[in-house]
Number of protein chains: 2
Amino acid sequence: MVYRYNEIVQTSEVAPPTPGRPRSEAARRAVLHAVDDMLVEVGYAAMTMKGIAERAGVGRQTVYRWWSTKAQILLEACVDDARSELTTPRRGDAQRNLLDYLVALTEFLTGSPAGLAYRALLGEAQHDPEVRELLCTADVLAEPTQIVLDRVRPVAPAMPEDRLAATQLYGPILAQVLTTGSGLTRSLLKTHANSLLYAWQS
Amino acid sequence: MVYRYNEIVQTSEVAPPTPGRPRSEAARRAVLHAVDDMLVEVGYAAMTMKGIAERAGVGRQTVYRWWSTKAQILLEACVDDARSELTTPRRGDAQRNLLDYLVALTEFLTGSPAGLAYRALLGEAQHDPEVRELLCTADVLAEPTQIVLDRVRPVAPAMPEDRLAATQLYGPILAQVLTTGSGLTRSLLKTHANSLLYAWQS
DNA sequence: CTCATTTCGAGGCACGCTGCATCGTATCTA
DNA sequence: TAGATACGATGCAGCGTGCCTCGAAATGAG
């Protein structure tokens, strides 16, 4: 296959799914680790494919071989952490489960590197449809939210369908962080959980 | 004042607040109009200061004279439209006011050029603290939301403080659009309005 | 163990955008 | 009419992108 400038090139050659990766794992981990660090240190906007490669001690082409976008790297770097940070143990009654989740979500979005990565990706998704699709296929928030909703549903007969219930639960927290940069206080989170539960129980 | 490359330069010289603008208005309008069009046509990511200037038939330095960032231009280009599109007339009871607002907000975020601009700005705010601050100082959503909340509060004694109530109201809608790109159906918006009103009435 | 295959790090390069400098011109004010 | 100012256009260094090329190193089949 011949590459030329200003020509739309299918990325079928770049970033092959799993062709055979003899000693890739070391470089792969180095890149993911570098992205994780750089996001906190310099921010998403100043994070550069070139900079990532240099920081990881890796050739630029090595980065392009497995990922074609900053967003792809970032998603892969944060998705596991995000899942574990957002999965709260079942504990206490419905209200307690909701509150635990809202607190975990707030800490994730405001304090965790993985949460910072998710916010950066969600921001980029507003500029680039491909990133949006990427984020939809591996939606970080949907799964942990669903787990909590499933716990609450038995005692919340008026809870609407999953999609609306999920946005009712995490939407206010996400909106607050995205617009102001900081989360709601624990006391307000508790009020929010109580409101929802009250509405869902009648 | 001397400019040099790779030197942090105060933007005090560029974009003076209101020094005197003899025949600026024509160029200013041309730029704002060009940004409005280009956002829809090519998207935020592909929108370029150079491209804006060319599209507006304006020198690049003229653009830098009045604004220092794509985000500044975009905000100025959409803030008036946003306010008018999100201000719903008082009509009917509390539930009707809430629903009207939620419908207007959904249409704004999914169908309006101004809404597209707001989403792009909110996305950029996740990458750049300056944009976040810019967006906070002229928060497009806060004011219209507050108007609706003030109408509803007299019949909603259990409504929490403004900040939480506002995010409870628009957070789910915003989160839905930001994550999936499309809004909730009217029927789901109605359900959401009913939920909130029920909870706020205690 | 040997050798073809593949990836590795490093560097090169064309292209486009950024942001300031500068030019000559058009417009407004005094 | 004279001075001040903003205008459009253009030039430029610097930097990131994404593909190419190179020789070295590691892999895995025979």
Side-chain angles (χ1 to χ4, degrees), chain A residues 1-31 34-35 38 42-73 124 127-128 130, chain B residues 1-31 34-35 38 42-73 124 127-128 130:
Chain A
M1 188 163 189
V2 177
Y3 295 94
R4 277 197 303 203
Y5 300 117
N6 295 331
E7 185 179 318
I8 295 183
V9 173
Q10 292 293 358
T11 55
S12 57
E13 207 64 30
V14 170
T18 313
R21 36 170 110 168
R23 91 174 191 262
S24 65
E25 201 60 20
R28 196 173 150 277
R29 288 185 179 278
V31 169
V35 165
M38 290 184 70
V42 306
Y44 183 85
M47 205 169 63
T48 278
M49 293 295 257
K50 184 179 179 178
I52 293 169
E54 289 173 357
R55 171 67 174 255
V58 148
R60 268 176 301 175
Q61 195 60 16
T62 301
V63 178
Y64 284 111
R65 187 185 314 279
W66 280 315
W67 305 274
S68 51
T69 300
K70 264 198 298 183
Q72 285 185 11
I73 315 179
E124 190 71 0
H127 307 152
D128 186 343
E130 286 187 24
Chain B
M1 186 165 192
V2 177
Y3 296 94
R4 276 198 304 205
Y5 300 116
N6 295 332
E7 185 178 318
I8 293 182
V9 174
Q10 292 294 358
T11 56
S12 57
E13 207 63 31
V14 169
T18 314
R21 36 170 113 168
R23 94 171 190 263
S24 66
E25 201 60 21
R28 196 174 149 277
R29 288 185 178 278
V31 169
V35 165
M38 290 184 70
V42 306
Y44 183 84
M47 204 170 63
T48 277
M49 293 295 257
K50 183 179 178 179
I52 293 169
E54 289 173 357
R55 171 68 173 255
V58 149
R60 267 179 303 173
Q61 196 61 7
T62 301
V63 179
Y64 285 110
R65 186 186 315 278
W66 304 89
W67 305 273
S68 52
T69 300
K70 263 198 299 183
Q72 285 185 11
I73 314 179
E124 190 72 0
H127 305 152
D128 187 343
E130 286 187 23

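Throughout, protein chains are lettered first and strands after them, A, B, ... in sequence-line order, and every chain is numbered starting at 1.
For A/R29 and C/dC8, the CZ to C1' distance is 18 Å, given to the nearest whole Å. As a whole-Å value, the separation of B/K50 NZ from D/dT10 C1' is 11 Å. Note: CD (B/Q61) to P (C/dT22) measures 11 Å, nearest angstrom. In this structure, A/W66 places its CH2 atom 18 Å from C1' of D/dG18, rounding to the nearest Å. Look at OH on B/Y64: it is 11 Å from P on C/dC17, rounded to the nearest Å. Straight-line distance from the CZ atom of A/R65 to the C1' atom of C/dT6: 8 Å, rounded to whole Å. If you measure from atom CD of A/E25 to atom P of D/dT27, you get 13 Å, rounded to the nearest angstrom. Per the geometry, NZ belonging to A/K70 stands 10 Å off P belonging to D/dG18, to the nearest Å.
Residue contacts shown for A/G57 are limited to sugar-phosphate atoms, with no base heavy atom under 4.0 Å away.
Here the shortest heavy-atom pairing between B/W67 and B/M49 reads O-CE, 4.5 Å. A pairwise comparison of heavy atoms in A/A45 and B/H127 identifies CB-O, 4.0 Å as the closest pair.
Each of C/dC17, D/dG16, C/dG9 was ranked by its minimum atom distance to the side chain of A/V58; first place goes to C/dG9. Between D/dC19, C/dG19, D/dC7, one nucleotide has an atom nearer to the side chain of B/M49 than all others, and that is C/dG19.
Taking only side-chain nitrogens and oxygens, A/R60 never comes nearer than 4.0 Å to OP1 or OP2 of D/dG18. At C/dG19, none of the side-chain N or O atoms of B/W67 fall inside 4.0 Å of OP1 or OP2 (strictly under the cut-off).
Note that the CD atom of A/E130 and the OG1 atom of A/T69 stand 6.5 Å from one another [nearest 0.5 Å].
Side chain of B/K70 to backbone of B/Y44: a donor-acceptor contact under 3.5 angstrom is found.
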